[in-house]
Amino acid sequence: MLVRGRVEKQGKKFIIHNPSMPNFDDYISGLAVMFEAYPTEGDQQLHEVRKAMALIDDLAAVADKLPELPREKEAKDDED
């Protein structure tokens with residue numbers, strides 16, 4: 001699980017101040033950075049990384065066109 005916020009180390013413990021969950025843009029940005037830094041060996045790998053980057057760009061463009069979704073989810077009890 002990814003959590004965002006200011007991280008402080010106190011001894012062997014890490015404290016996260018103002019924690020929040022990442023949003024869709026954070027995940028897309030993380031993917032883009034991962035593929036930009038991906039070490040390629042040969043033309044085929046470079047081609048595949050460029051294809052992945054193009055797909056990430058397409059996904060981000062489509063996501064920008066989607067309506068804003070409500071973030072609050074109702075908790076549903078599973079009663080048998």
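These numbers were taken from a predicted model, which means no experiment stands behind them. Starting from 1, each residue takes its place in the sequence as its number.
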Sequence neighbours excluded and cut-off under 3.5 Å, please list the side-chain donor-acceptor pairs for residues 51-66, or say none.
none

**Q.** By side-chain hydrogen bond (donor to acceptor under 3.5 Å, both in side chains) - contacts of Gln45 (at least two apart)
**A.** none

Would you give me the side-chain donor-acceptor pairs under 3.5 Å for residues 28-43, sequence neighbours excluded?
| unit_1 | atom_1 | unit_2 | atom_2 | d |
| --- | --- | --- | --- | --- |
| Ser29 | OG | Asp25 | O | 2.9 |

